[in-house]
Amino acid sequence: MTTLRMAAVAAEFGRDLEEDFQIAERLIKEAREEGVRLLALPEACLGGYLLSLDDCAELDEGPPALALDGPEIRRLASLAGDMTVVAGYCEAAGETRYNSVVCVTGDGVLGNHRKVHQPLSEDASYASGDRFHAFDTPVGRIGMMICYDKAFPESARALALDGAAIGVCASAWPGSRTNAAASLEEDRWKRRFDLFDRARALENQIVWLSANQAGTFGSLRFVGSAKVVDPGGEILADTGVAAGVAVAELDVAQALETARRSMGHLRDRRPETYDVPTGAVTA
């Protein structure tokens, strides 16, 4: 049996890139000491998220834009060393900016994902990505997505069909913007966050790591709730709404085989029946 010790982070990151790197370095060091081989950090952990999702481009200059092949991502890779680390950042591609997440080891970049689905006014600050794909890493084949991406079953399904055994979702998921609960534990957006995590794992029968921002930033109050979910949709570790690290150990290959043995959701699909006419759904 070959087990993988993995972890998802709930932590507070802001605009100060050097401070963010210090937090990331501490989290990576602590995870390494606990034997973690796969660590998921939140969306926008290098440079912070947006201050608001209401006309945010006018209120905020936004996070620092980093090139995928630039010194900051190389620095992250150096910190990762023999670990596989996923982290969110603002990607600069010429004059275009993407809300992206990168996967690195000490050998460099293994994968990069640009957020496809953009909530509210996020598209005023970022361009949209256009694909989901899985890729091989030292800890197995994984696929990445960012925050609102997980609200769409097609996102995780595309990764699973591309062979991902582990899905990693990095988020900056806030509490409800209207009728906010006094306690984040009772917040309806927190419940949705948790439901999406469990559903995406269960429907694709994959391991799921969910990292999220914690604390507050601008007008946003994040729900934390980093977690590791098994292929049956059961939560193996969860930080709750506080900052923390959810750590779990699992034989990933065995867990997938067990989950898919009798009812294999990918195997038993009937894609020829799923044709939906264009324009059948209206806002």
Side-chain angles (χ1 to χ4, degrees), residues 1-10 36-40 43 84-86 101 103 110-111 113 115-117 129 131-171 173 190-212 225-239 245-276:
M1 182 174 70
T2 303
T3 61
L4 172 65
R5 195 164 179 81
M6 64 198 99
V9 169
V36 170
R37 294 170 55 210
L38 172 61
L39 179 68
E43 173 184 6
T84 299
V85 175
V86 172
V101 62
C103 178
L110 303 181
H113 169 70
K115 188 174 182 179
V116 172
H117 301 96
R131 63 189 293 253
F132 293 91
H133 68 286
F135 52 94
D136 295 321
T137 78
V139 296
R141 191 163 177 84
I142 75 173
M144 304 186 297
M145 66 179 63
I146 302 174
C147 205
Y148 192 41
D149 282 338
K150 75 177 176 183
F152 300 84
E154 299 87 349
S155 305
R157 178 54 50 88
L159 295 175
L161 291 176
D162 198 19
I166 303 171
V168 179
C169 187
S171 297
W173 191 289
K190 183 227 176 326
R191 289 197 297 273
R192 294 174 187 178
F193 184 86
D194 294 339
L195 283 169
F196 285 137
D197 285 334
R198 301 185 71 176
R200 298 296 88 91
L202 174 59
E203 67 196 5
N204 295 292
Q205 297 172 310
I206 60 175
V207 175
W208 190 263
L209 271 66
S210 178
N212 195 25
S225 304
K227 64 180 71 65
V228 181
V229 187
D230 76 8
E234 300 300 325
I235 297 174
L236 301 179
D238 189 341
T239 66
V245 182
V247 182
E249 189 166 324
L250 191 67
D251 183 326
V252 175
Q254 183 62 52
L256 266 63
E257 180 183 346
T258 300
R260 297 173 178 180
R261 183 175 297 147
S262 298
M263 290 185 291
H265 299 165
L266 302 180
R267 180 194 64 223
D268 297 338
R269 292 182 314 121
R270 294 286 306 281
E272 72 277 7
T273 71
Y274 307 148
D275 185 32
V276 178

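Predicted model only: the values in this text are computed from it and were never measured.
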- Task: Taking the side chain as every heavy atom from C-beta outward, state whether Ser155 and Val116 have any atom pair closer than 4.5 Å.
- Result: no
- Side-chain donor or acceptor of Arg267 paired with backbone N/O of Arg260 under 3.5 Å: yes
- Item | Counterpart residues, side-chain hydrogen bond (donor to acceptor under 3.5 Å, both in side chains), relative to Ser171 (two or more places apart) | none
- Task: Find out whether Ile142 and Phe135 are in side-chain contact, i.e. whether some heavy atom of one side chain is under 4.5 Å from a heavy atom of the other.
- Result: yes
- Query: Of the non-hydrogen atoms in Thr239 and Ala10, which two are nearest, and what is the gap between them?
  - Reply: OG1-CB, 3.7 Å
- Message: Could you report the tightest heavy-atom contact between Pro138 and Thr84, atom names first, then the distance?
- Response: CD-OG1, 3.8 Å
- Starting at CD1 of Ile146, measure out to CE of Met144 and round the result to the nearest 0.5 Å. 8.0 Å
- Decide side-chain contact (heavy atoms from CB on, under 4.5 Å) for Ser210 and Phe193; before the verdict, give the C-alpha distance in whole Å, the side-chain angles of both, and the deciding distance to 0.1 Å. CA-CA 9 Å; Ser210 178; Phe193 184 86; 3.3 Å; yes
- Task: Would you please test Val139 and Met6 for side-chain contact (heavy atoms from CB on, under 4.5 Å) and show each step?
- Result: CA-CA 9 Å; Val139 296; Met6 64 198 99; over 6 Å; no
- Task: Would you give the length of the straight line joining atom CZ of Arg5 to atom CG of Leu38, rounded to the nearest 0.5 angstrom?
- Result: 12.5 Å
- Residue pairs passing the salt bridge (Lys or Arg N to Asp or Glu O under 4.0 Å) test with at least one member in residues 142-164, sequence neighbours excluded, are Arg141-Asp162, Lys150-Asp197
- Message: Taking Glu203 first and then Arg200, would you say they form a salt bridge - that is, a charged N and a carboxylate O separated by under 4.0 Å?
- Response: yes
- Message: Check the orientation of Phe152 and Tyr148. Use parallel for under 30°, tilted for 30 to 60°, and perpendicular for over 60°.
- Response: perpendicular
- Message: Taking the side chain as everything from C-beta on, heavy atoms only, tell me whether Pro231 gets closer than 4.5 Å to Thr258.
- Response: no
- Atom CG in Leu256, atom CG in Asp230: separation rounded to 0.5 Å? 10.0 Å
- Polar side-chain atom of Thr3 near backbone of Glu249 as donor-acceptor pair, under 3.5 Å: no
- What one should report as the nearest heavy-atom pair of Ile206 and Ala165 is CB-O, 3.5 Å
- Task: May I ask you to decide if Leu202's main-chain N or O and His265's side chain share a donor-acceptor pair within less than 3.5 Å?
- Result: yes
- Non-hydrogen side-chain atoms of Arg198 and Glu234 separated by less than 4.5 Å: yes
- Message: Applying the side-chain hydrogen bond (donor to acceptor under 3.5 Å, both in side chains) criterion to Asp194, which one of Arg191, Lys190, Arg192 satisfies it?
- Response: Lys190
- Task: Give the minimum heavy-atom separation between Val228 and Ala246, together with the two atoms involved.
- Result: CG2-O, 3.8 Å
- Task: Would you please test Leu266 and Gln205 for side-chain contact (heavy atoms from CB on, under 4.5 Å) and show each step?
- Result: CA-CA 8 Å; Leu266 302 180; Gln205 297 172 310; 5.6 Å; no
- Output yes when a side-chain donor or acceptor of Arg37 lies under 3.5 Å from a complementary backbone atom of Leu4, and no otherwise. no
